[in-house]
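Reminder, nothing fancy here: chain letters follow the sequence lines and each chain counts from 1.
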There are 2 protein chains.
Amino acid sequence: MRLSEGVEWTVHCCTLLAGLPPDAALSAKKLAEFFDVPPDYLAKHMQQMSKAGIVNTKKGPNGGYSLAKPARDITLLDMVEAIDGRVCSFKCTEIRQRGPSGVSPCSYKTPCGIARAMRKADQVWRDELRKTTLADLQIIGLRETPPEQMNKAITWLKGLFT
Amino acid sequence: MRLSEGVEWTVHCCTLLAGLPPDAALSAKKLAEFFDVPPDYLAKHMQQMSKAGIVNTKKGPNGGYSLAKPARDITLLDMVEAIDGRVCSFKCTEIRQRGPSGVSPCSYKTPCGIARAMRKADQVWRDELRKTTLADLQIIGLRETPPEQMNKAITWLKGLFT
DNA sequence: TAATAACGGATAAAATATATCCGTTATTAT
DNA sequence: ATAATAACGGATATATTTTATCCGTTATTA
Ligand code: SF4
Ligand code: SF4
């Protein structure tokens, strides 16, 4: 019951992209360098973000990833689901149909109470994640990032776009 | 991001135990037979339920598992946490401390906005699971289980306690 | 006293998550 | 034009976690 590491990586990448000047893009390689994570693996994750319509991509020199829409239109749920999918965390294997009391599958028209409660909980989890947007995270980041780190990051970014 | 199968198994086991006559117990072997799951593995899970204080155990012939408290005092969350633990599904690896913009760890006193939003979502998920009790599941089961299956189950159980 | 059953520890097997590699295509700076 | 860059997809490889089994011990009871 754990979200993949890729979620943390890509959400961080998006907050970084959100702070970039318009038209600027960052390659998977550069993003990986910034966060010190495996470049090839991060690239795979960013491709999922691309398929989910969260980021745009541009091939060739000076290409890379940029946000596909305004930060306030990208929710935390969007990013989580792009990496970890949309299936409910509870997987029902229909064990009620097995064993000495099992009856024919067609007797079960609806998921049982257990599955329903689990799905409801999954739903409120997703609803909560939908409440936070990338813009929110960006604002929190701007407010809470230590000045020293902010300077370092700006310096590093400037070195790229010159 | 998936709950272990053990959750489905043990919740089902608890609903079965909830329907048993007082003082009756069912062994892991019998429970496994009823649900057609691997006996040894289910036994491991039931031991976790025991450690969590959800079921009582009795050794020796006619021993086995029984509920440790009234069904209405056992929540779905209790059972989920007994098997899958209490740690938040989002694991923060503190990548903000790494890479060219990283600064000393002591600069970060609080978890960032991403981690906070994730934990909040995890919290509402658990809160929702806490709303459903084993008694609720039992009632739903009694109402929705096909009569044919109910009869089979009762017959099977009767065969054990004679 | 023999059978039963929980318990804990040690593996073993299977499945999934993490990570790397490579060839292809598109793009751009030179 | 050409060389370098970068996303993309597919094919692995490696590590970790989940699932499953096995065994010796202790407690209980018929
Ligand atoms: S009874 Fe509910 S949880 Fe159990 S197998 Fe059926 S749908 Fe799944
Ligand atoms: S910034 Fe937040 S999510 Fe990222 S590593 Fe730090 S606490 Fe974790």
Side-chain angles (χ1 to χ4, degrees), chain A residues 1-10 13 17 23-33 35-66 68 80 82-85 87 89-91 93 95 160-162, chain B residues 1-10 13 17 23-33 35-66 68 80 82-85 87 89-91 93 95 160-162:
Chain A
M1 187 57 181
R2 180 153 290 165
L3 289 166
S4 91
E5 251 185 307
V7 170
E8 186 182 16
W9 297 357
T10 53
C13 287
L17 294 179
D23 308 335
L26 274 183
S27 68
K29 194 182 164 189
K30 288 297 173 191
L31 287 167
E33 189 185 328
F35 292 112
D36 189 24
V37 296
D40 287 336
Y41 193 31
L42 177 64
K44 278 266 183 289
H45 287 315
M46 289 308 291
Q47 281 168 37
Q48 290 185 266
M49 299 296 273
S50 164
K51 271 200 285 190
I54 296 169
V55 298
N56 284 328
T57 69
K58 202 178 140 200
K59 289 182 176 176
N62 295 325
Y65 297 96
S66 55
V80 166
I83 303 299
D84 255 51
V87 298
S89 53
F90 177 76
K91 176 163 181 208
T93 60
I95 68 174
L160 291 182
F161 295 116
T162 52
Chain B
M1 188 55 182
R2 180 154 289 165
L3 289 166
S4 91
E5 251 185 307
V7 170
E8 185 182 14
W9 297 357
T10 53
C13 286
L17 293 180
D23 307 334
L26 273 183
S27 68
K29 194 180 165 192
K30 287 297 172 192
L31 287 167
E33 188 185 330
F35 292 112
D36 189 23
V37 296
D40 288 335
Y41 193 32
L42 176 64
K44 279 267 183 290
H45 286 314
M46 289 307 292
Q47 281 168 36
Q48 290 186 266
M49 300 296 274
S50 164
K51 272 200 283 190
I54 295 169
V55 298
N56 284 328
T57 69
K58 201 177 141 201
K59 289 183 177 176
N62 293 326
Y65 297 96
S66 55
V80 166
I83 303 299
D84 255 51
V87 299
S89 53
F90 177 75
K91 177 164 179 206
T93 61
I95 69 174
L160 292 182
F161 296 116
T162 52

Interatomic distance, Ile83(A) atom CD1 to Leu3(A) atom CG [nearest 0.5 angstrom]
10.5 Å
Distance from Lys29(B) atom NZ to Asp40(B) atom CG, nearest 0.5 Å?
11.0 Å
Output the pairing pattern of DNA chain D as a dot-bracket string, 5' first, Watson-Crick or G-U wobble with both distances under 3.5 Å, | for cross-strand pairs, [ ] for crossing pairs.
||||||||||||||||||||||||||||||
Output all residues satisfying salt bridge (Lys or Arg N to Asp or Glu O under 4.0 Å) with Glu33(A), sequence neighbours left out; order by chain, then residue number.
Lys30(A)
Nearest-0.5 Å distance, CE of residue Met49(A) to CG of residue Leu42(A)
10.0 Å
Could you list the residues that satisfy side chain to side chain contact (heavy atoms under 4.5 Å, CB included) with Ala52(B), not counting sequence neighbours?
Ile54(B), Ala82(B)
Rounded off to whole Å, could you give me the CE-to-P distance for the Met49(B) and dC7(C) pair?
13 Å
Find every protein N or O atom lying less than 3.5 Å from an N or O atom of nucleotides 2-6 of chain C, and list the pairs.
unit_1: dA5(C); atom_1: O4'; unit_2: Gly60(B); atom_2: O; d: 3.4
unit_1: dA6(C); atom_1: OP1; unit_2: Ala28(B); atom_2: N; d: 3.0
unit_1: dA6(C); atom_1: O3'; unit_2: Thr57(B); atom_2: OG1; d: 3.4

CD-OG1 distance between Glu5(B) and Thr93(A), expressed to the nearest 0.5 angstrom
5.0 Å
Mind checking what makes side chain to side chain donor-acceptor pair (under 3.5 Å) contact with Ser4(A), not counting sequence neighbours?
Asp84(A)
Detail all sub-3.5 Å separations between protein N/O atoms and N/O atoms belonging to nucleotides 15-23 of chain C.
unit_1: dT18(C); atom_1: OP1; unit_2: Glu5(A); atom_2: N; d: 3.4

Distance check, rounded to the nearest 0.5 Å: Lys58(A) atom NZ versus Asp23(A) atom CG?
8.0 Å
Does Asn56(A) have any side chain to side chain contact (heavy atoms under 4.5 Å, CB included) partners at least two apart in sequence or in another chain, and if so, which?
Ser66(A), Ala68(A)
Spacing between Asn56(A) atom CG and dA26(C) atom C1', to the nearest angstrom
15 Å
If the condition is ring-ring contact (aromatic ring centres under 6.0 Å, His included), which residues does Phe90(A) pass it with, not counting sequence neighbours?
none
List every contact pair, protein side and nucleotides 11-14 of chain C side both N or O, where the distance is under 3.5 Å.
none

Excluding sequence neighbours, so at least two apart, what forms side chain to side chain contact (heavy atoms under 4.5 Å, CB included) with Pro38(A)?
Trp9(A), Tyr41(A)
Using 0.5 Å steps for rounding, measure from the CD atom of Gln47(A) to the NE2 atom of His45(A).
11.0 Å
Please enumerate all residues that pass salt bridge (Lys or Arg N to Asp or Glu O under 4.0 Å) together with Asp36(A), with sequence neighbours excluded.
Arg98(B)
